[in-house]
Amino acid sequence: MTPVILSTQDLTAQFGAISAVDFVSLEFRQQQLHAIIGPNGAGKTTFINLLSGELMPTTGTIHYLGKDISQLSADKISRLGIGRSFQKTNIFPTFSCLQNCLLGAQSRLPHSMHFFQRASRLTDVTERAQRSLALCGLSDRENSIAAMMSYGEQRQLEIGMMLATEPQLLLLDEPLAGMGTIEAQRVIELIQALKQDHTIILIEHDMQAVFVVADRLTVMVNGKVIATGTVAEIRANKMVQEAFFADEVIGDD
Amino acid sequence: MEFSRPVRWLLLLAVLLLAVFPFVGADYYTELVVRIMIFGIFAMSLDLLIGFTGLVSFGHAAFFGLAGYVLAIVTPESSGVSLFWSLPLSILASGLAAAIIGWFSVRTTGIYFIMITLAFAQMVFYYFQEAVQWGGSDGMFLFFRPTVTIGNTVILDLEQNRTFYYFVLGSLVASLLLVKRLLGSPFGRVIMGIKANESRTRAIGYATFYYKWVSFIIAGMLAGLAGYLEVTHTGTISPGYLAWHESGIVIMVVVLGGLGTLYGPVIGAFVFVVLQDTLQDYTSHWLLIMGILVILIALFLPKGVTGLLDQILYRQGIQNTNNEDHGHQDHRT
Amino acid sequence: MDLTVFLVQVLNGVQYGFLLFLVSSGLTLVFGIMGIINLAHGAFYMFGAYIVFWLNGVLGNFFMAILLGVPIMIVLSLVIERFAISYLYQRDHLCQLLLTYGLILILNEAQLLIWGSDFYSVPVPEILSGRIALTENQDYPIYRLFISVVGLLLAGGMYLVIQKTRLGMIVRAGASNREMVEVLGININLVFSIVFSVGAALAAFSGMIAAPVSSVFPGMGNGILIVSFVVVVIGGIGSIKGAFIGAMLIGLATTFGQVLLPNLASMVVYALMAGILVWRPQGLYGRTTSS
Amino acid sequence: MTTIFDGDRRHFLTLAGATAAAGFIPTRFAIAGNAPVKIGILLPYSGTYAMLGESITNAFKMRIDEAGGKLGGRSVEYVAIDSEMSVPKAGQNVNKLISKQKADFILGPVHSGIAAVMAKIIGKKGSPIMIDPNAGSNAVTGALCAPNIFRTSFSNWQTAVMAGPAMYDAGHRTIITISWKYGAGIQMMQAGRESFEKAGGKSVKDILNPFPSVEFQAHLSTIADMKPDAVFAFFSGGGAIKFLKDYEAAGLKAKIPLYGTGFLTEGVEKPAGSAAEGVQTTLHYVRDLPNETNKRFIANYEKQFGAGKSNVFAVQGYDAASLLLQGMAAVDGDVGAQGKIISAMGSAVIDSPRGKFTFSKSHNPVQNIYLREVRNGKQVTLKTLAKGLEDPAVGCKA
């Protein structure tokens, strides 16, 4: 097994009386695609929000490459090499595709407090942006305004923008949600390709897709982890079947 | 940030017209144009915040007035002071105030940001309103304009209205180019990202607080430049310059001209000042007409005069023109 | 400052606080429920004062004047809501600032055209015109106590409305979320019309109540506008409880600022606001939603 | 350097920066005698002081109409701008009246801050002639004085300086002064306090309320606590009504007599009602002055503009027109002869509703100051405190 890249210890997010994430301890290994599944309201997105620094944990810690990152803000975590996509498409709607990726690529400069340098002359930033646009399959849409593209393309773009930040670890929050079959297939292929040189934590409702791409699976219910293992192990797990598959219409969101 | 080709030509034409205006315009209108240009710089500085960083500041007049006060305070009654140190000093004072106010304000968003900038500006306003040593509510005079001399040679005699006119025109053009350059820089890219989607900007690795803060400071300093010029122009400064009404009017001017265009607010200043000047001649109830106009703008012209201009230039939907604009820009990058 | 003087000043501060609460309550409703920054709130306050002056002159009875004046203001504000404000619900704060700023200009000029530029006053109604001896030298006018009672009743009334009624449910649900309210099967446009006119009527009502102690003059709404914004923001936008606490804080800060820090008196209020927002950016009782 | 020498008087005025004025030397002196004389007016027509602006304008026009509607044989045209009480806009508004409207005379303002801006601009240009019909800032006929600046109202010092002895003579030995914290308020308060202390009394506290706040309750409690023999106050307009009412409602009026400069009660007798009764103030005008001009003025004014509408502000506007009539009569309407007009105006004797008055070297009225009291809603003269009181014109170098 590859070494651990990210781990959580008793990670908890409490909102009033409700624990959206309840003492979750998990390990994620390098070069693996680790999917997290569970019914709506299981706390999956909250879990991702904790990892990416959008939310501060109530208790518990997160370690990334051995370093405690549980109190770091979102921008600092991004700079450590953790990229994320959001459940609701989260891009710069008024920007063109290339501009979206340029902003992503530029974030890897030590800082952007350059006031009189021409941004267009940062050739390596531009190249990296174009490369990531190519990776997500939008090379021919460089100058399209993001808001005017189809929903599927916007999701692709979000992944492209994330790739421009050169992350090692990707946090993907339901990248297939709301997509048609063809679009979904394209994104699955993209994920397959990314798997080659990235660690991925994936939240997804589309079980067929998950079983195809995932190396490991974790099942969350009511903020708690009820099982973790390989795809085969999880499929065989009785408890999972009862708690989850019984009342979940697979592939539906 | 690049201007489209027709806009560039129009701007060049506008600068040329402004450059010859003192030779053809009556003195009164030359004065009026000076006022418009100064107001234009002020509005442009606010556009950097509202139109490009997405920060609706309701206290921008504080920085405008503060720099003016600094100039009036350091100028003795008997002679003018050198521009070479008084201008940087005034701008720095506004910048410092913006740094302090921004440090607290930029943490908040939405209505709270509007209100906290208002609160701080009111503090500055009341400080000068009650500062008896600086004229209290009646304000102060500037008896002599700043001097621009090296050794004993007078480089520019700002007391000459025509010289001052060109000095203001130069400041306006320089400010426009400077801010445009700023927006084309890596920094500019980030603040525009913040306006478009702040949480996303943070999530891809930018400490947005610092970028908003620095943008707030730069805008404050540019407003300071405008305030410095205004006091040099009118020879007076009073707390009224810092009042919330003035902050409201400059917001109106920015929207009137067109948000996020840089040159739009200058056009807004032009329209506003000329309107005010003309309406006043017809009725002492001109504020009523102004009020109706303001409401019409809010309802029907959210993209301001430049939005209208865009539509005329391209004869098509604004969305499409935007599309093209960005297209041009990216080919150049 | 000995204890008696201190207590008298506390009374002054609290009494001023009640007046501020009267004005701010409408503002915080409109602010919180509709997400509208209504700069014209002060102008409604002024209109209320003028209307009660006018009706009091015609009817000769202060309470009748209020009873008739409030519906007039409700009608006026409904017209304004329909023909201007209602176009702004989906727009950003900027347009709201502009539009309501334009309203100030129009309402101020309208006041000049209707009532002219003279100062007027509204007599304190007979049954409330007495005084209570407070200290050896100072009396306290019963009418000021009446203002406090009205403020207290209003606070209680609003509390009940918000806790017990359907409108209150929408308020508590955080009505800035249009979709959610519509899902509940409520005609949001109607709710907004009601809320806006209630807000405007509250502003006018407080102008009416304040008229006998403050006199009636052009531009009287400008001063009250900014301070009621301060109250609302300190308390947390949309929170009636916050507006109440905020009004009391500002009332006391103003009073003691005048006495203890005469040179900084007018800055005290804004320093307090800035301080509170730095400490709690959403105000004392504000919801932590980004807008 | 350009020097405009005014041959008829000892005054002359230097302009710093020759060319500053070069572009502005108006060409209107050449205008043929038949064109109307243009009066540029900068007064408030909106906001708290709109009533003052209207009173002044009405009375000014009324006086011109009384004289046949002509100035030096020429008809009159008015160009009025609402000052909005905005000091920042003062400069542009004045420039507009001078450069765009080519006004031959400027009438205004009400606000001291605006007056200072106007005086500075107009004094520096050397023309046209400005008549200040209200703003009392000492500086207008003090540090900022100029040959072409006249005032038909008062200096703040004049309105308050006789209050000290008056209060002392009434047996008061300690006072508290209270006023808005702005130019006019501070100047009046100082004059009142200094004259009281000179007479032998003691001012125990000066209270300055931020302008234009009308929250007085805390101050009233302070006054009740300190128990001075009397209170000397400056407020005006809506603020004055509020102060008078609060003062009465706090039960202080019966225990601690209230004094003030005339503006505390002028024009607000009716709205203030019983709260103004018995309050004594000092001013250069009283409505019940027995002279014929006053009776005629009040009758005419109230016939045109409504009963009870005449006030000191109207008187000041009326006198501004009287002054201009005399100046223009001396040159038969030739506005180009500014030197002669100034000379005629400077030596004019104004037959004013306040009684006859003349002008000091700095062009401020040399006038009587009266002690007045409100009785049954009307101003009543108690006595004449000073005859021909002249402002010291501190700092006037012209």
S.K.: List the steps, then state whether salt bridge (Lys or Arg N to Asp or Glu O under 4.0 Å) holds for D/K378 with D/E269.
M.R.: CA-CA 7 Å; D/K378 292 198 170 103; D/E269 299 89 346; over 6 Å; no
S.K.: In terms of side-chain geometry, is the basic nitrogen of D/E277 or D/R375 positioned less than 4.0 Å from the acidic oxygen of its partner?
M.R.: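 No salt bridge links D/E277 with D/R375.
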S.K.: Which atoms of C/N263 are under 4.5 Å from chain D, going by heavy atoms: the side chain, the backbone, both sets, or neither?
M.R.: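 Its backbone and side chain both get close to chain D.
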S.K.: Is chain D contacted by the side chain of C/E109, its backbone, both, or neither, given a heavy-atom distance below 4.5 Å?
M.R.: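 Answer is side chain: those atoms of C/E109 sit under 4.5 Å from chain D.
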S.K.: Find the one option among D/A250, D/A272, D/P210 whose heavy-atom pairs under 4.5 Å with chain C are most numerous.
M.R.: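 Most heavy-atom pairs within the cutoff with chain C belong to D/A250.
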S.K.: When you compare the side chains of D/Q379 and D/T265, does any donor N or O come within less than 3.5 Å of an acceptor on the partner?
M.R.: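 The answer is yes; a qualifying pair exists.
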S.K.: D/R372 and D/T281: side-chain donor and acceptor closer than 3.5 Å?
M.R.: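 Short answer, yes.
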S.K.: Sort by residue number and list every member of residues 234-248 of chain D having a non-hydrogen atom under 4.5 Å from chain C.
M.R.: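 The list, in residue order, reads D/G237, D/G238, D/I241, D/K242, D/K245, D/D246, D/E248.
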S.K.: As an exercise: rank D/G251, D/A218, D/A224 by heavy-atom pairs under 4.5 Å with chain C and give me the winner.
M.R.: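 Sorted descending by pairs with chain C, the first entry is D/A218.
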S.K.: Counting heavy-atom pairs under 4.5 Å with chain C, which one of D/K227, D/E54, D/E215 comes out on top?
M.R.: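 The candidate making the most pairs under 4.5 Å is D/E215.
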S.K.: Do C/T100 and C/N38 pair up side chain to side chain, a donor and an acceptor below 3.5 Å, judged on atom types alone?
M.R.: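 Judged by distance alone, the side chains do not pair up.
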S.K.: Keeping the roles fixed (side chain from C/N56, backbone from C/F62), state whether a donor-acceptor pair exists under 3.5 Å.
M.R.: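 Confirmed, C/N56 side chain pairs with C/F62 backbone.
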S.K.: Kindly state whether the ring of C/F256 and the ring of C/F6 have centres lying under 6.0 angstrom apart.
M.R.: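 Yes, ring centres under 6.0 Å apart.
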S.K.: Between D/Y318 and D/F297, is the gap from one ring center to the other below 6.0 Å?
M.R.: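 Yes: the rings meet the under 6.0 Å criterion.
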S.K.: May I ask you to check if D/K61 and D/Y78 form a cation-pi contact, with NZ or CZ under 6.0 angstrom from the six-membered ring centre and within 45° of the axis?
M.R.: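 Judged by the rule, D/K61 and D/Y78 form a cation-pi pair.
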S.K.: Quick check on the interface: out of D/A254, D/A249, D/S46, D/S274, who has the most heavy-atom pairs with chain C under 4.5 Å?
M.R.: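 Of the candidates given, the most pairs with chain C belong to D/A249.
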S.K.: Under 3.5 Å, is there a donor-acceptor pair between the C/T255 and C/N12 side chains?
M.R.: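 No, because no side-chain N or O of C/T255 sits under 3.5 Å from a partner of the opposite role on C/N12.
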S.K.: Tell me, yes or no, whether the heavy-atom count around C/W115 atom CH2, taken from other residues, nucleotides or ligands under 6.0 Å, exceeds 12.
M.R.: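 Count over threshold, so yes.
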S.K.: Please check if the distance between the ring centroids of C/F229 and C/H41 is under 6.0 Å.
M.R.: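 Between C/H41 and C/F229, which both carry aromatic rings, the centre distance is not below 6.0 Å.
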S.K.: Is it the backbone or the side chain of C/V122 that comes under 4.5 Å from a heavy atom of chain D, or both, or neither?
M.R.: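 For C/V122, the backbone is the part near chain D, not the side chain.
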S.K.: Can you tell me if D/Q316 and D/N134 form a side-chain donor-acceptor pair at under 3.5 Å?
M.R.: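 Short answer, yes.
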S.K.: Which residues in residues 140-153 of chain C have a heavy atom less than 4.5 Å from any heavy atom of chain D?
M.R.: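 Heavy-atom contacts from residues 140-153 of chain C to chain D are C/Y140, C/P141, C/R144.
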S.K.: Out of C/V8, C/V213, C/V216, which one racks up the most heavy-atom pairs below 4.5 Å with chain D?
M.R.: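 Among C/V8, C/V213, C/V216, the one with the most close pairs to chain D is C/V213.
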